[in-house]
Amino acid sequence: MIIKMFNFWYFFWIITAIEMIVLLYFGLKKASPKVQKWVLFGFLAFGLLLHFLKVFIPPYSVDEARMLRDSWFVNICAANIFVFPIFFLTKNKYLKDYMFYIGVISGLIALLYPQEPLAKSNQLGEFWDIVRFYYHHWQLIAVLLLMILLGHHKLSYKRIWTAPVGLLLLMLFIMLNQLFQSELGFIPLRSDDFFDINYKNSSYIWGPGENDAIGNFLAFFCPGFFRRTPAGAHEGATKYWPWFWLIFPVFILVTPMAFGLCMIFDHKNFVKDAKNAWAKFKTETGWGEKLSK
């Protein structure tokens, strides 16, 4: 898989994504804030429209069952594509912090490890879906990065908690999507032992799949009691608690990534507050005087 991934097209899409962000930045830099805002919103709105328009291209147009399944918002990036145009138009700084952190993180992961294009057996026949894939994940990075660079929002390290909390809330939204799909018959999610985690589980809501390196890595940070059935006919069996098992992995892994991104833009405030807190600590405890003696 790794050898297959690092080919001409892999680097073509990444370099193109970077070039487009740079061109957009310089193209919008001298535009009015209003123009900047609506151009950025336009990319997000088109992304949402494209999510539904994909039903007209293979593989969705030639597979009715998949068309119905994948028109829902059943993974992290798809759910973000749905909520981001709404969040972007608000003045809520917490929602926009969440947008930046999770949009950039999820978009980067998708571009650097494009599982969906790699899994396609008919690369040429599904070319337009590959283009759609890269546009969707590119705009998650581009719009939110430009939102910060062009001064439409200012990050604060004090709000990095919006990344893990927001992501977990988004996963609840994804979970509800899949429950509705199951009850309406779009996906065969239910099985005799509650849920089949190996079907439509790209966001790991239902637990790590079999022989899934990423899922097993996440599971390393999950407490044991979230991995077992607590009661009933399957008591004690290995069964990840849907959604709950992700709480610890998300906080442990996403929080430092969000903090690292934030430090690019808000490091001065962090350093200033850290120095003030240290000075206050020394004054109130007399620790500095004790050291000087």
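Reckoned from all heavy atoms, side chains included, excluding hydrogens, waters and symmetry mates.
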Checklist outcome for this item: Taking every heavy atom of Tyr240 against every heavy atom of Gly207, the minimum-distance pair comes out as CB-CA, 3.9 Å
Checklist entry - Which heavy atom in Leu68 sits nearest to a heavy atom in Gln181, and how many Å separate them? => result O-NE2, 4.0 Å
Checklist entry - Quick one: does Arg227's side chain have a donor or acceptor within less than 3.5 Å of a partner on Cys222's backbone? => result yes
Item to check | Cluster check Val62, Leu53: I/L/V/M/F/W/Y, side chain < 4.5 angstrom | outcome: no
Checklist entry - Do Tyr94 and Trp161 have ring centres separated by under 6.0 Å? => result yes
Next on the checklist: Can you confirm whether Phe26 is buried at CZ, in the sense that more than 12 heavy atoms of other residues, nucleotides or ligands lie under 6.0 Å from that atom?
Outcome noted: no
Item to check | Side chain to side chain, Leu246 and Leu167, heavy atoms closer than 4.5 Å | outcome: no
Checklist entry - Are Leu124 and Phe133 in one and the same hydrophobic cluster, where Ile, Leu, Val, Met, Phe, Trp and Tyr link if side-chain heavy atoms are under 4.5 Å apart? => result no
Checklist entry - Does some side-chain heavy atom of Ile102 sit less than 4.5 Å from a side-chain heavy atom of Val254? => result yes
Next on the checklist: Do the side chains of Asp129 and Lys120 get close enough for a salt bridge, i.e. N-O under 4.0 angstrom?
Outcome noted: yes
Next on the checklist: For a side chain to side chain contact (heavy atoms under 4.5 Å, CB included) check, start with the C-alpha distance between Asp273 and Tyr157, then their side-chain angles and the critical distance, and finish with the verdict.
Outcome noted: CA-CA 11 Å; Asp273 289 347; Tyr157 75 90; 2.6 Å; yes
Checklist entry - Under the 3.5 angstrom rule, does the side chain of Asn80 hit a backbone N or O of Gly103 as a donor-acceptor pair? => result no
Next on the checklist: Set out, in order, the CA-CA distance, both residues' side-chain angles and the distance that settles side chain to side chain contact (heavy atoms under 4.5 Å, CB included) for Trp138 and Thr16, then state yes or no.
Outcome noted: CA-CA 10 Å; Trp138 168 82; Thr16 300; over 6 Å; no
Item to check | Considering all heavy atoms, the nearest Ala31-Gln36 contact | outcome: O-NE2, 3.2 Å
Next on the checklist: Between Lys93 and Thr162, is there a side-chain heavy-atom distance shorter than 4.5 Å?
Outcome noted: no
Checklist outcome for this item: In terms of heavy-atom contacts, Ile21 and Ile141 come closest through CD1-CG2, 4.1 Å
Checklist entry - With side chains defined as the heavy atoms from C-beta onward, is the minimum distance between Tyr60 and Ser71 less than 4.5 Å? => result no
Checklist entry - Between Thr90 and Met99, does a side chain to side chain contact (heavy atoms under 4.5 Å, CB included) hold up when you go through it step by step? => result CA-CA 12 Å; Thr90 71; Met99 287 176 67; over 6 Å; no
Checklist entry - Counting only heavy atoms not in Phe217, do more than 12 sit closer than 6.0 Å to its CZ atom? => result no
Checklist entry - Quick check: does any side chain N or O of Ser156 sit under 3.5 Å from a backbone N or O of Lys158, one acting as donor and the other as acceptor? => result yes
Next on the checklist: Test your reading of the model: is there a side-chain donor-acceptor pair from His136 to the backbone of Gly47, 3.5 Å cut-off?
Outcome noted: yes
Item to check | Closest heavy-atom pair and its distance - Lys96, Met147 | outcome: O-CE, 3.8 Å
Checklist entry - Do Trp245 side-chain atoms and Lys239 backbone N/O form a donor-acceptor pair below 3.5 Å? => result no
Next on the checklist: Would you say that Phe43 contacts Leu146 through its side chain, given a criterion of any heavy-atom pair below 4.5 Å between the two side chains?
Outcome noted: no
Checklist entry - If you look at every heavy atom in Ile160 and Cys262, which pair is closest and at what distance? => result CG2-CB, 4.1 Å
Item to check | Single hit among Phe84, Phe46, Tyr135, Phe73 for ring-ring contact (aromatic ring centres under 6.0 Å, His included) with His51 | outcome: Phe73
Checklist entry - Is the count of non-hydrogen atoms from other residues, nucleotides or ligands lying under 6.0 Å from Phe11 atom CZ greater than 12? => result yes
Checklist entry - Heavy atoms, side chains only, cut-off 4.5 Å: are Lys37 and Phe88 in contact? => result yes
Checklist entry - More than 12 heavy atoms of other residues, nucleotides or ligands under 6.0 Å from CZ of Phe220: is that the case? => result no
Checklist entry - Do the side chain of Tyr204 and the main chain of Trp243 share a donor and acceptor less than 3.5 angstrom apart? => result no
Checklist entry - Angle class for the Phe265/Phe100 ring planes (parallel below 30°, perpendicular above 60°, tilted otherwise)? => result perpendicular
Item to check | Phe248 atom CZ, over 12 foreign heavy atoms within 6.0 Å | outcome: no
Next on the checklist: Assess, by modelled atom type and distance only, whether the side chains of Trp9 and Gln123 contain a donor and an acceptor separated by less than 3.5 Å.
Outcome noted: no
Next on the checklist: Pair Leu44, Leu40 - check side chain to side chain contact (heavy atoms under 4.5 Å, CB included), show working.
Outcome noted: CA-CA 7 Å; Leu44 294 175; Leu40 295 180; over 6 Å; no
